[in-house]
K.L.:
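One structure is given below, represented as structure tokens, and several questions about it will come after.
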Amino acid sequence: MVQAKSWVMVKHFDGFPKDSDFQLKVEELPEPKDGEVLLEAVFLSVDPYMRWVFWNKLPEYCKTAETLSSKNPAFPVGSHVVSHCGWRSHSVSDGADLIPIMADWPSDVSLSLALGTIGMPGLTALYGIEEVLGLQKNETLLVNAAAGAVGNVVGQIAKIKGCKVVGSAGSDAKVAYLRELGFDEAFNYKTVPSLEEALKKAAPEGYDCLFENVGGYFSTVALPQMKTFGRIAVCGSISTYNDGTPQTGPYPHFTMIVKQLKMEGFTQNRWQHKNPESLKRMMAWLKEGKLKCREHVTKGFENMPAAFMGLLRGDNIGKAVVAV
Ligand SMILES: NC(=O)C1=CN([C@@H]2O[C@H](COP(=O)(O)OP(=O)(O)OC[C@H]3O[C@@H](n4cnc5c(N)ncnc54)[C@H](OP(=O)(O)O)[C@@H]3O)[C@@H](O)[C@H]2O)C=CC1
Ligand SMILES: CCCCC/C=C\CC(=O)/C=C/C=C/C=C/[C@@H](O)CCCC(=O)O
């Protein structure tokens, strides 16, 4: 028997999440039966989409976990997996929802990156750039929430592809980080006197591509800065996730007509058949020093809600994870 801790939602979020929306539970887990494994979380992920998963009451969150005991030969004791079994310290799985960590994962690379650059957020960046935008050498790309888990990888891949990259982020420390990563232009959208002027100054020629993570007001101001035939990958809309009352207009249609823009929403799982090859490609970039990784690590399972709310507030530079 093992004592398992889990976080559950006791009240639907009303606007920004609150401590009182979450409750910590403790339960005894039985020994795994034939075909099952007992997992212990090593790192847990907090991601913006969880704002919606909680709302829908779906217990689907990601973690890297180590097999503690196993009656499933596919996952021997000591093996590492990415699992979707929730904000839980321990869980029993029949293996169906488990993704083994890449076979030749280097020993000097933290397993936490399987939740970040070499995991779902990194894949989101890659597929947004290659499958949705079809980004070409020498094009100019704009990415917002650029110092976050997806955004920083977007900018770095676009640099690998020989593009000009402009990033916006919400603090001067984040802007300094973007410069360190090789972004051509970066600005703090919270302190620039005019977002429109900042976008124009960073790329007077306009933008071929926008990797959209933020939505709302930023999107309204950025669309007119696109070049004719510009392409927009709508990855996220985090500026609207905690709205009690949905934001309304101005609406993008007129700008889209005049500029003849192409806009496509996506979720990364559309290309999951490509994940093994894509993860290997990104691991190779990381080992060659072309892809740098930074994490915002919160320690302790008991701090999961705080880490999640911190992410939604913008506390993180790089990927927000919890070390259990
Ligand atoms: N379509 C898909 O398959 C996926 C989509 N996503 C989306 O990508 C986006 C980035 O996710 P991810 O990289 O994991 O998260 P991040 O690591 O970027 O963290 C979220 C960041 O969003 C920014 N932010 C928060 N509130 C606002 C606001 N009101 N206005 C502008 N920016 C805000 C903050 O940065 P700052 O300080 O710069 O404001 C914060 O650090 C999200 O919209 C997410 O939903 C993520 C994964 C998969
Ligand atoms: C499914 C959430 C719908 C809410 C949409 C809001 C914003 C966009 C966004 O953030 C989407 C994120 C999608 C994430 C999907 C994750 C799953 O495929 C789990 C992936 C886990 C993994 O492979 O590591």
Side-chain angles (χ1 to χ4, degrees), residues 15-17 44-55 60-62 84 112-113 115-117 119-133 142-157 166-178 183 186-192 195 198 210-222 232-244 247 263-272 274-275 278 293-298 307-322:
F16 198 91
L44 285 145
S45 185
V46 286
D47 299 273
Y49 78 87
M50 293 171 181
R51 173 66 179 73
W52 299 98
V53 176
F54 268 118
W55 184 76
E60 265 233 358
Y61 322 109
C62 319
H84 298 155
S112 55
L113 295 190
L115 303 177
T117 301
M120 188 275 284
L123 292 167
T124 305
L126 187 74
Y127 296 145
I129 283 182
E130 295 190 343
E131 306 290 340
V132 182
L133 293 172
L142 170 64
V143 56
N144 45 26
V150 175
N152 88 83
V153 184
V154 169
Q156 293 189 77
I157 295 177
V166 177
S168 77
S171 75
D172 292 347
K174 291 185 180 189
V175 168
Y177 178 58
L178 298 181
F183 280 55
F187 63 86
N188 180 344
Y189 71 92
K190 289 183 178 165
T191 56
V192 287
L195 180 56
L210 165 60
F211 195 108
E212 175 67 271
N213 286 322
V214 165
Y217 173 73
F218 193 106
S219 173
T220 300
V221 180
I232 299 153
V234 184
C235 172
S237 174
I238 195 163
S239 71
T240 65
Y241 293 175
N242 294 303
D243 288 347
Q247 296 175 29
M263 187 185 275
E264 181 178 346
F266 74 98
T267 58
Q268 45 74 33
N269 45 3
R270 199 194 307 174
W271 299 278
Q272 65 186 9
K274 295 189 172 187
N275 285 2
S278 303
C293 303
R294 181 155 162 180
E295 295 179 304
H296 181 90
V297 183
T298 302
F308 177 56
M309 291 186 277
L311 166 83
L312 295 176
R313 257 195 320 267
D315 290 354
N316 59 305
I317 299 185
K319 175 72 181 104
V321 290
V322 174

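Computed over heavy atoms, backbone and side chain alike; hydrogens, waters and symmetry mates excluded. Since we're looking at a predicted model, the values are computed, not measured. Note that ligands are numbered from 1 as they come in the structure, with each ligand's atoms numbered from 1 the same way.
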K.L.:
Show which atoms of ligand 1 fall inside a sub-4.0 Å distance from at least one heavy-atom site of Gly236.
P.N.:
7 (C), 43 (O)
K.L.:
I'd like to check which ligand 1 atoms, numbered from 1 as shown, lie under 4.0 Å from a non-hydrogen atom of Gly314.
P.N.:
34 (C), 37 (O), 40 (C), 41 (O)
K.L.:
When you measure from the side chain of Asn144 to the backbone N and O of Glu212, does any donor-acceptor pair fall under 3.5 Å?
P.N.:
no
K.L.:
Do any nitrogen or oxygen atoms of Tyr189 lie less than 3.5 angstrom from nitrogen or oxygen atoms of ligand 1?
P.N.:
yes
K.L.:
Compare Arg313, Gln268, Lys174, Glu212 and give the one whose heavy atom is closest to atom 37 (O) of ligand 1.
P.N.:
Lys174
K.L.:
Does ligand 1 have any atom sitting under 4.0 Å from a heavy atom of Cys235?
P.N.:
yes
K.L.:
Does a donor on one side chain and an acceptor on the other come within less than 3.5 Å for Ser45 and Lys319?
P.N.:
yes
K.L.:
So between Thr124, Asn188, Asn213, whose heavy atom ends up nearest atom 8 (O) of ligand 1?
P.N.:
Asn213
K.L.:
With a heavy-atom distance limit of 4.0 Å, tell me whether Leu312 approaches ligand 1 through its side chain, its backbone, both, or neither.
P.N.:
backbone
K.L.:
Can you list the ligand 1 atoms lying under 4.0 Å from a non-hydrogen atom of Gly170?
P.N.:
36 (P), 37 (O), 38 (O)
K.L.:
Report the member of Gly128, Gly265, Pro48 with the shortest heavy-atom distance to atom 15 (O) of ligand 1.
P.N.:
Pro48
K.L.:
Looking at Glu131 and Arg270, is there a salt bridge between them, counting it only when a charged N and a carboxylate O are closer than 4.0 Å?
P.N.:
no
K.L.:
Select one of side chain, backbone, both or neither to describe which atoms of Thr267 lie under 4.0 Å from any atom of ligand 1, heavy atoms only.
P.N.:
both
K.L.:
State the atoms of ligand 1, each with its element, that fall below the 4.0 Å cut-off from a heavy-atom position in Ala169.
P.N.:
38 (O)
K.L.:
Does Ser237 have a non-hydrogen atom less than 4.0 Å from ligand 1?
P.N.:
yes
K.L.:
Please identify which of these residues, Val234, Val143, Thr124, meets the side-chain contact (heavy atoms from CB on, under 4.5 Å) condition with Asn213.
P.N.:
Val143
K.L.:
Does Ser237 offer a backbone N or O that forms a donor-acceptor pair with the side chain of Tyr241 under 3.5 Å?
P.N.:
yes
K.L.:
Check whether Lys190 reaches the backbone of Asp172 with its side chain - one donor and one acceptor, N or O, closer than 3.5 Å.
P.N.:
no
K.L.:
Going by atom types alone, do Tyr127 and Asn275 pair a side-chain donor with an acceptor below 3.5 Å?
P.N.:
yes
K.L.:
Only heavy atoms count here, so choose which of Val150, Asn144, Ile238 is nearest to atom 13 (O) of ligand 1.
P.N.:
Val150
K.L.:
Looking only at atom types and distance, does a side-chain atom of Asn152 sit under 3.5 Å from a main-chain N or O of Gly148, one as donor and one as acceptor?
P.N.:
yes
K.L.:
Please evaluate residues Leu113 and Glu295 with respect to the criterion side chain to side chain contact (heavy atoms under 4.5 Å, CB included), reporting the C-alpha separation (whole Å), side-chain torsions for both, the decisive distance (0.1 Å), and the verdict.
P.N.:
CA-CA 8 Å; Leu113 295 190; Glu295 295 179 304; 3.5 Å; yes
K.L.:
For Met120, counting its heavy atoms only, list the atoms of ligand 1 lying under 4.0 Å from any of them.
P.N.:
47 (C), 48 (C)
K.L.:
Would you indicate which of Phe218, Phe266, Tyr241 comes nearest to atom 45 (O) of ligand 1 when only heavy atoms are counted?
P.N.:
Tyr241
K.L.:
What atoms of ligand 1 come closer than 4.0 angstrom to any heavy atom of Ala149?
P.N.:
13 (O), 14 (O), 16 (P), 17 (O), 18 (O)
K.L.:
Under 3.5 Å, is there a donor-acceptor pair between the side chain of Ser239 and the main chain of Val214?
P.N.:
yes
